[in-house]
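Letters A, B, ... mirror the listed sequences (proteins, then strands); counts begin at 1.
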Amino acid sequence: MRLSVYFLPTLKENPSEAQIPSHRLMLRAGMIQQSSAGIYSWLPLGHRVLRRIEQIVRQEMDAAGCQEVLMPAIQPADLWRESGRYDQYGEEMLRLRDRHERDMLFGPTHEEVVTDIFRRNIKSYRDLPKNLYQIQWKFRDEIRPRFGIMRGREFYMKDNFSFDLDFEGAKRSYNKMFVAYLRTFARMGLKAIPMEAKSGPIGGDMSHEFVILAETGESAVYCHADYLDMDMLAEGVDYTQALDPIIASWTRHYAATDDKHEPERFEREVPEDKRLTTRGIEVGHIFYFGTKYSKPMGATVTTEDGREVPVEMGSYGIGVSRLVGAVIEAGHDEAGIIWPESVAPFRLGLINLKIGDPACRKASDEIYGTLKGRDVEILYDDRDESAGAKFATMDLIGLPWQLIVGPRGLKAGVVELKERATDERQELSVEAALARFAG
RNA sequence: CGGAGCGUGGCGCAGUCUGGUAGCGCAUCAGUCUGGGGGACUGAGGGUCGCCGGUUCGAAUCCGGCCGCUCCGACCA
């Protein structure tokens with residue numbers, strides 16, 4: 001992509017409403033634009049990141065044996081009356097009425113819809129387990145949206161639902177999601193720590209929130225510092241193998257969010273020098289809820305011995321749009337964003353320092369043409385701007401690599417490669433640079 | 001929802017107290033010089049001062065109502 005034609009409305013100054021780095025930088029880097037309170041448009045750069053994160057989530061869901069569906073955003077109120085949640089769900093639910101005076105709602109979540117799909121199609125234990133997921137926009141009319149897309153009213157979410165015959169099966173599904181989440185966040189370069197969370201109506205220990213530690217996070221968290229040093233499981237996982245050892249190692253220490261925190265237990269179980277009290281960003285939540293919806297909605301299956309039982313369910317959510325902010329909170333400096341390669345909007349930024357110089361132009365065009373031809377995601381700053389402006393823009397949008405073509409270097413037959421995260425620079429020939437990225 | 005603020009060219013702000021020609025920086029456009037960290041100069045365009053009503057000879061400024069947005073708290077991916 002040539003920057004001269006790319007829609008990238010960057011800001012030099014900090015917008016006054018943005019309080020936290022991710023919000024500030026997303027606005028300054030032209031990734032998002034507010035439409036109304038808690039509702040944003042995603043501009044090209046932001047949209048690319050959103051898509052990349054979405055794709056990682058999708059791949060890991062698929063790898064864990066989930067199947068993608070897409071449920072309606074607008075749901076009938078009757079379904080919610082069946083589960084008993086229509087009256088119970090508060091003002092966060094956006095309620096609508098269609099032209100026939102039917103009560104509708106913009107889905108804040110999809111347990112009812114997915115349970116309805118299940119009950120209409122699955123009747124036998126032989127069709128279990130099943131695990132369906134979707135990635136789509138939700139709307140929750142939050143009292144106070146804030147921090148840009150971190151707490152929007154409209155947000156992009158992956159949610160999935162497991163269906164099993166019995167508790168043992170449900171636990172297996174839960175564990176799969178637990179591991180899938182560890183992998184998903186690790187691939188984005190995030191340290192997400194599974195923390196005990198409010199367990200809801202069923203009780204037990206089958207509810208975890210995955211939390212990125214960050215001072216700007218919304219919730220207070222308490223955990224054992226050793227979690228920070230643990231390998232985030234970047235290598236492959238065989239979901240047919242027992243997952244208990246992985247679960248065990250990730251639950252062996254104390255880690256809890258504010259509403260589940262037990263100070264006495266924290267002090268008893270965690271040595272003083274290992275007690276970490278900080279704040280965190282919740283990016284995922286996994287949850288076992290048994291027959292809470294299947295029972296009232298009549299989602300039953302027939303067992304091997306002919307009994308009819310409500311299906312055991314769990315639900316699992318990842319805040320996809322929130323992750324964009326979380327990745328920025330985890331990776332930025334004074335100059336701007338620092339993307340991990342896995343989610344970067346482009347892998348490489350090419351800077352032609354001197355537009356008026358024929359040699360610079362020729363070398364830059366050649367590099368751009370070659371890499372683009374080999375499907376390298378490259379953003380080429382071919383604007384007629386000063387060198388400083390180009391450096392500033394490139395640092396702001398945070399692409400992992402910058403390839404700098406200037407008259408000084410070209411005279412010596414080299415271009416400069418800069419790594420955004422470390423600011424390490426090396427000079428190399430054009431050929432070497434091409435090989436480095438097209439190889 | 002309780003508390004606190006803000007709304008003036010695209011962005012950041014001044015002007016409002018004390019009514020009287022709408023202003024600054026950045027951005028934009030044209031041109032020239034530049035070109036290794038948001039460069040310089042010259043010129044230009046762009047604003048019903050959130051909306052409605054009131055007071056007044058005259059309202060960005062005073063009064064009333066409404067709308068929008070932000071921040072702090074209780075809820076949430």
A:Lys418 NZ to B:G37 P, in whole Å, measures 12 Å
Report task. Kindly indicate whether the side chain of A:Glu385 and the base of B:G35 share any N or O donor-acceptor pair separated by less than 3.5 Å? Result -> no
When rounded to the nearest Å, what value does the distance between P atoms of B:G65 and B:G58 take?
23 Å
Discussion item. Using a heavy-atom cut-off of 4.0 Å across all strands, would you classify A:Gly325 as base, sugar-phosphate, or nothing?
Written reply: nothing
message = For the C1' atoms, the ones on B:G19 and on B:G54, what distance do you get once it is rounded to whole angstrom?
response = 15 Å
Between A:Lys158 and A:Glu60, is the closest basic N to carboxylate O distance under 4.0 Å? no
Exercise. Would you mind classifying the nucleic acid contact of A:Ser219 as base, sugar-phosphate or nothing, using non-hydrogen atoms under 4.0 angstrom?
Key: nothing
Here the distance between atom P of B:G37 and atom NZ of A:Lys390, to the nearest Å, is 13 Å
Any side-chain N or O of A:Gln19 below 4.0 angstrom from OP1/OP2 of B:C72? no
Looking at A:Ala389, is its backbone amide N or carbonyl O close enough to the side chain of A:Ser386 to form a donor-acceptor pair, meaning the two atoms are under 3.5 Å apart? yes
- Message: Regarding B:G38, can its base be found pairing with the side chain of A:Asp395 as donor and acceptor, where the two atoms are less than 3.5 Å apart?
- Response: no
Separation of B:G36 atom P from A:Asp357 atom CG, nearest Å, is 12 Å
Checking B:G36, B:G38, B:U34 against the side chain of A:Lys12 (C-beta onward), the nearest is B:G38
When rounded to whole Å, the CG to C1' distance for the pair A:Leu8 and B:G38 reads 14 Å
Can you confirm whether the side chains of A:His110 and A:Gln75 place a donor and an acceptor under 3.5 Å from each other? yes
Legend entry - P spacing across the pair B:G12 / B:C6, given as an integer number of angstrom: 16 Å
Fill in: Residue-phosphate contact under 4.0 Å: A:Arg146 side-chain N/O, B:G73 OP1/OP2
yes
Comparing A:His285 with A:Pro145, nearest RNA chain B nucleotide closer to 5' gives the residue A:Pro145
Winner on side-chain proximity to A:Leu396, out of B:G36, B:C72, B:G38, is B:G38
RNA chain B nearest-nucleotide lookup for A:Met157 and A:Ala37: closer to the 5′ end is A:Ala37
Answer for the Watson-Crick or wobble partner of B:G68, both distances under 3.5 Å, is B:C6
Could you check whether the side chain of A:Arg425 and the base of B:G37 have a donor-acceptor pair of N or O atoms closer than 3.5 Å, going by distance alone? yes
### Message
Side chains of A:Asp159 and A:Gln136 only: does a donor on one sit below 3.5 Å from an acceptor on the other?
### Response
no
* To do: Using a 4.0 Å heavy-atom cut-off across all strands, classify A:Arg153 as base, sugar-phosphate, or nothing.
  => nothing
Checking N1-N3 plus N6-O4 or O6-N4 for Watson-Crick, or N1-O2 and O6-N3 for wobble, each under 3.5 Å, the partner of B:C33 is B:G39
When rounded to whole Å, the CG to C1' distance for the pair A:Leu190 and B:A77 reads 14 Å
Paired to B:A22 by Watson-Crick or G-U wobble criteria (both distances under 3.5 Å) is none
Any donor-acceptor pair under 3.5 Å linking the side-chain atoms of A:Ser22 with those of A:Glu329? yes
Across every strand shown, the nucleotide meeting Watson-Crick or G-U wobble geometry with B:C62 (both distances under 3.5 Å) is B:G54
* Asked: Distance between the P atoms of B:U8 and B:C13, in whole angstroms?
  -> 10 Å
Less than 6.0 angstrom separating the ring centers of A:Phe167 and A:Tyr288, yes or no? yes
Practice item. Give the ring-plane orientation class for A:His253 versus A:His224, where under 30° counts as parallel, over 60° as perpendicular and anything between as tilted. Key: parallel
Among the nucleotides B:G38, B:C1, B:C71, whichever has the atom closest to the side chain of A:Ala389 is B:G38
Check your understanding: Got a salt bridge between A:Arg119 and A:Asp116, using NZ or NE/NH1/NH2 to carboxylate O under 4.0 Å?
Key -> yes
- request: For B:U32 and B:G20, measure between their P atoms and round to the nearest Å.
  value: 44 Å
Contact check, residues 315-323 of chain A vs RNA chain B, heavy-atom distance under 4.0 Å, returns A:Gly319, A:Arg322
Touch class at under 4.0 angstrom, heavy-atom based, for A:Asp423 against every strand present:
nothing
- Test: A:Arg48 and A:Glu377 ion pair at under 4.0 Å: yes
A:Glu218 atom CD is separated from B:A74 atom P, nearest whole Å, by 11 Å
To the nearest angstrom, the CZ-C1' distance between A:Arg140 and B:A77 comes to 6 Å
Are A:Phe155 and B:A77 stacked, counting the six-membered base ring, centres under 5.5 Å, planes under 30°? yes
- Among side-chain atoms of A:Gln88 and A:Trp80, is any donor-acceptor pair under 3.5 angstrom? no
Exercise. Heavy-atom count around A:Glu91 CD within 6.0 Å, excluding the residue itself: above 12?
Worked result: no
Item checked: Mutual orientation of the aromatic rings belonging to A:Tyr181 and A:Phe185 [parallel < 30°, tilted 30-60°, perpendicular > 60°] -> perpendicular
Q: For B:C11 and B:U28, measure between their C1' atoms and round to the nearest Å.
A: 12 Å
Pairing partner of B:A44, by Watson-Crick or G-U wobble and under 3.5 Å for both distances, is B:U28
To the nearest angstrom, the CZ-P distance between A:Phe147 and B:A77 comes to 16 Å
When all nucleic acid strands are considered with a 4.0 Å heavy-atom cut-off, which category describes A:Gly409: base, sugar-phosphate, or nothing? base
Under a 4.0 Å heavy-atom criterion, the protein footprint on nucleotides 2-15 of chain B, written with B, S and -, is ---------BSS--
Taking B:U70, B:G36, B:A77 as options, the one with an atom nearest any side-chain atom of A:Glu142 is B:A77
Q. Given the P atoms of B:G35 and B:A40, what is the spacing between them in whole Å?
A. 14 Å
Have A:Asp382 and A:Ser4 got a donor and an acceptor in their side chains that come within less than 3.5 Å? yes
As its Watson-Crick or G-U partner within any shown strand, both distances under 3.5 Å, B:G73 has B:C1
With P as the reference atom in both, quote the distance from B:A77 to B:G38 in angstrom, rounded to an integer. 44 Å
Pairing partner of B:C49, by Watson-Crick or G-U wobble and under 3.5 Å for both distances, is none
